Protein chains: 2
Amino acid sequence: MSSGLTERRQTILKLVIQEFVETAQPVASETLVRKYRLNVSPATVRNELAALEELGYLMHLHTSAGRVPTDIGYRFFVENLMDRTTLSLPEQRMIRHQFYQVRGELDQWIQLAGSVLARTAQNASVVTPLRSADRLRFRQVELVAIHDTMALAVLVFHGGVVKQQTLALDAVRSPDDLRRCAARISSVLADLELSDVEDLLTRDQQQEGSEFGDFERQVLDLVARAMDAFEAQAQEQIYSDGLIEMLSQPEFIPALAREDAERAVERMRRALDILKSGRGLGSLIPQALASDGVQVIIGGENSADEMREYSVILARYGVERAVTGVLGVIGPTRMAYPRSISSVRYISSLMSDLLAELYQADQRSPES
Amino acid sequence: MSSGLTERRQTILKLVIQEFVETAQPVASETLVRKYRLNVSPATVRNELAALEELGYLMHLHTSAGRVPTDIGYRFFVENLMDRTTLSLPEQRMIRHQFYQVRGELDQWIQLAGSVLARTAQNASVVTPLRSADRLRFRQVELVAIHDTMALAVLVFHGGVVKQQTLALDAVRSPDDLRRCAARISSVLADLELSDVEDLLTRDQQQEGSEFGDFERQVLDLVARAMDAFEAQAQEQIYSDGLIEMLSQPEFIPALAREDAERAVERMRRALDILKSGRGLGSLIPQALASDGVQVIIGGENSADEMREYSVILARYGVERAVTGVLGVIGPTRMAYPRSISSVRYISSLMSDLLAELYQADQRSPES
DNA sequence: CTTTAGCACTCTCGAAAAGAGAGTGCCAGA
DNA sequence: TCTGGCACTCTCTTTTCGAGAGTGCTAAAG
């Protein structure tokens, strides 16, 4: 009966997916014929649908319900059937403008990207902060007086990664004091990794007379602690947004989902959990960091069981070999893939471009 | 029939509230007698319940359902009936320890406070960042080189408020260049408010020959823009956590709430909205900033209609007359008030104490 | 060999009905 | 003032039933 994926079957598959993505209702043969003016009868379409089902691209919830795409169906759609669109120019312009307005505030880029992704894809979004491609390497520290007894330590690492940390002073220090101390430590620690810094600290401790003053010691400890904390949390930080957008999808609205309301609530709760804890995304993000282009993970294809009903679209952003992060969209497998993918692609490349401008100098003269 | 709030009625009211908070089910007369070993018959309790209802402290969903507290009932409970407890010492110790572990990272305090509040109260939490009590007043700026073409501007304001902003350099600048520029601007802008800075900028622009170099101009603009943005968003930033904890309350679980599932879903969605947008909280927070001690707002007592089903417990934290913020718990009116209040009280005073240590010097010698 | 019309069959969804259970309100008596 | 008893009310659950949607199959037509 099934003689492979003929052209017509592909067309029908495409229509089924488009229809299902739009309406969130199982698709019936007659609907297809009527809505898309196919020049065949519903019965013919039914035969084709049955074949597509046998091939694994569609499925049936019950005997007398319309068809719903399987993960395999979506995969084929994304790979071969989808129209490759881009965001409209006005949309692009608007997004660029928003990024322009927060230029200079890198932290805000992350929030902005998350919010734009969520709005354009009408689903949840995830964004990880920029991270050095390789180990954190110290560059310099500046100490800024905030009070008589409080200073802000600004730690700068290679690749432009910055971390600030408040520091309670044991005694009143003049700005000159602070500057001298910062300069000393900057030169001592320049280009070192965390392990080097720790070595240096233990070595100094073993000598009878320390090479450093009390205050310098304090700052050194702070640096080591900060680097440690930074590396530890490097993998884990995921910013997410668009919960509301995702939860407005029919999957989470019992009346429309035509199913037990409790299941919808349970699903909602699990979705929250995924976004908050990042569970289920954990393995996907390193993978996306290591890949080029836009990654699409459909349903349970690649990850934990709890992600079986969700798709994830990820792309890397940043400056290659310097600092990179990952951003993307997450939502029910019934998702507007073309639009979500365009959105992820556009925003990742926009951010990469903007970052490249900032990092230009570094790329021209890569250090060691 | 109703001869006021007799002692016994108060006892019964207290029991009804405790029972309802625990079980989330309307409380029946017989349950009270059985569970709390009252030495009267259910019929007697029923009479008292009817009286309490007439007095407005309890209500009836339907004729043959148990009683549920009204907002007024909760209010009386909080004001007069509640046992005034504190968190257990092990809990206190644990919380202190967690704050100790992130000492020096003020930003993390906010997250930590949110997460601790959420866990102890089993509800959502809100925390606003520290803000100067009065207008933002400039103190100094430091410029830290991150790259050849990129610097980080660290703006320090009176009261220890810090903001960082990246700055793309038009040309390569030596560290000395940066330092000189920062020093110049720090001295020019010292102690100025936003409006003064803007005045200074327009005045300078009207002169034929500017007093400042190109680069200095650029940094000045940056400062003005940053101060503007900072003040604009000052009121709005609310960090929140504990969504999952709150949504695990029976109110959001249709099966247990014994009601239409769709309503539970709708409620969930609105709860999300409140937490994300801060709508409904907006008026409460300035109010809490201006009050001492722990504020309890029950149901629609004070705020918008959308908060009718929620209670909010808020307290100010920080250093009086210097920097303050607000933190608290939000959840269904059926809430463990004693525990939530203790938790808010403990965490706000803990954070205040820790901050006071840091700001000690400032308090000793308040500036102008 | 492919397409189509017709029709029986299956399954869900919604409404209506009926029964069980919980809890109250009230009355009369202690 | 308290208590036991009892009728009454209301909800919640389950069941039943009919309507409707959509398929799968078969047999005939192109």
Side-chain angles (χ1 to χ4, degrees), chain A residues 1-4 6-9 11-12 15-16 19-20 23-35 37-55 58-68 250 253-264, chain B residues 1-4 6-9 11-12 15-16 19-20 23-35 37-54 58-69 250 253-264:
Chain A
M1 180 201 256
S2 78
S3 56
T6 62
E7 189 115 358
R8 188 170 69 181
R9 286 177 186 167
T11 310
I12 290 179
L15 292 179
V16 170
E19 181 68 13
F20 183 64
T23 64
Q25 303 292 333
V27 182
S29 55
E30 213 207 313
T31 312
L32 286 177
V33 173
R34 191 171 18 83
K35 191 155 175 183
R37 310 214 168 288
L38 301 185
N39 291 322
V40 289
S41 75
T44 310
V45 174
R46 272 205 291 282
N47 286 332
E48 298 293 57
L49 289 177
L52 282 165
E53 181 164 357
E54 203 184 349
L55 291 166
L58 295 178
M59 64 183 197
H60 241 181
L61 296 186
H62 347 273
T63 319
S64 82
R67 256 63 174 218
V68 163
I253 299 177
L256 297 176
R258 287 162 178 265
E259 63 163 11
D260 216 325
E262 299 189 27
R263 207 182 283 171
Chain B
M1 179 199 256
S2 78
S3 55
T6 62
E7 189 115 357
R8 188 169 71 183
R9 286 179 187 164
T11 310
I12 290 179
L15 292 179
V16 170
E19 181 68 15
F20 182 63
T23 64
Q25 303 291 335
V27 182
S29 54
E30 211 207 315
T31 314
L32 286 177
V33 174
R34 191 172 16 85
K35 193 154 174 184
R37 311 212 167 288
L38 302 185
N39 290 322
V40 289
S41 75
T44 309
V45 175
R46 272 205 291 283
N47 286 333
E48 298 293 59
L49 291 177
L52 283 165
E53 181 165 357
E54 203 183 349
L58 295 178
M59 65 185 195
H60 241 180
L61 296 186
H62 355 273
T63 318
S64 84
R67 255 68 175 213
V68 163
I253 299 176
L256 296 177
R258 287 161 177 265
E259 65 165 5
D260 216 325
E262 298 188 29
R263 205 180 285 171

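Reminder, nothing fancy here: chain letters follow the sequence lines and each chain counts from 1. It should be emphasised that the depicted structure is a prediction, and the values quoted were computed from it without experimental measurement.
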Can you tell me how far [atom2] of [N] sits from [atom1] of [X], to the nearest Å?
X: B:E30; N: C:dG25; atom1: CD; atom2: C1'; result: 16 Å
X: B:I12; N: D:dT1; atom1: CD1; atom2: C1'; result: 14 Å
X: B:E54; N: C:dG25; atom1: CD; atom2: P; result: 11 Å
X: B:L49; N: C:dC26; atom1: CG; atom2: P; result: 14 Å
X: A:N47; N: C:dA5; atom1: CG; atom2: C1'; result: 12 Å
X: B:E48; N: C:dG25; atom1: CD; atom2: P; result: 13 Å
X: B:L61; N: D:dT9; atom1: CG; atom2: P; result: 19 Å
X: B:H62; N: D:dC8; atom1: NE2; atom2: P; result: 20 Å

- Qualifying residues under side chain to side chain donor-acceptor pair (under 3.5 Å), relative to B:T44, sequence neighbours excluded: B:S41
- Message: Test of understanding: with side chain to side chain donor-acceptor pair (under 3.5 Å), list the residues that count as partners of B:E19, not counting sequence neighbours.
- Response: B:K35, B:Y36
- With side chains defined as the heavy atoms from C-beta onward, is the minimum distance between B:L15 and B:L38 less than 4.5 Å? yes
- Message: Just so I know, are the side chains of B:L58 and B:V27 near enough to count as touching, which here means a heavy-atom distance under 4.5 Å?
- Response: no
- Item | Test side-chain contact (heavy atoms from CB on, under 4.5 Å) applied to B:S64 - qualifying residues, sequence neighbours left out | none
- Side-chain N or O of B:T63 closer than 4.0 Å to phosphate OP1/OP2 of C:dT24: no
- Under 4.0 Å between a side-chain N or O of A:R67 and OP1 or OP2 of D:dG24? yes
- Regarding the side chain of B:A28, the nearest nucleotide among C:dT10, C:dT3, C:dG23 is C:dG23
- Item | Contact residues, residues 37-46 of chain A to DNA chain D [heavy atom, < 4.0 Å] | A:R46
- Message: Quick check: on DNA chain C, is the nucleotide nearest B:E53 upstream (toward 5') of the one nearest B:S64, or the reverse? Name the residue that is more 5'.
- Response: B:S64
- Does the side chain to side chain contact (heavy atoms under 4.5 Å, CB included) test come out yes or no for A:R67 and A:H60, once each step is laid out? CA-CA 5 Å; A:R67 256 63 174 218; A:H60 241 181; 3.6 Å; yes
- Sequence neighbours excluded, which residues qualify as salt bridge (Lys or Arg N to Asp or Glu O under 4.0 Å) partners of B:E48? B:R8, B:R9
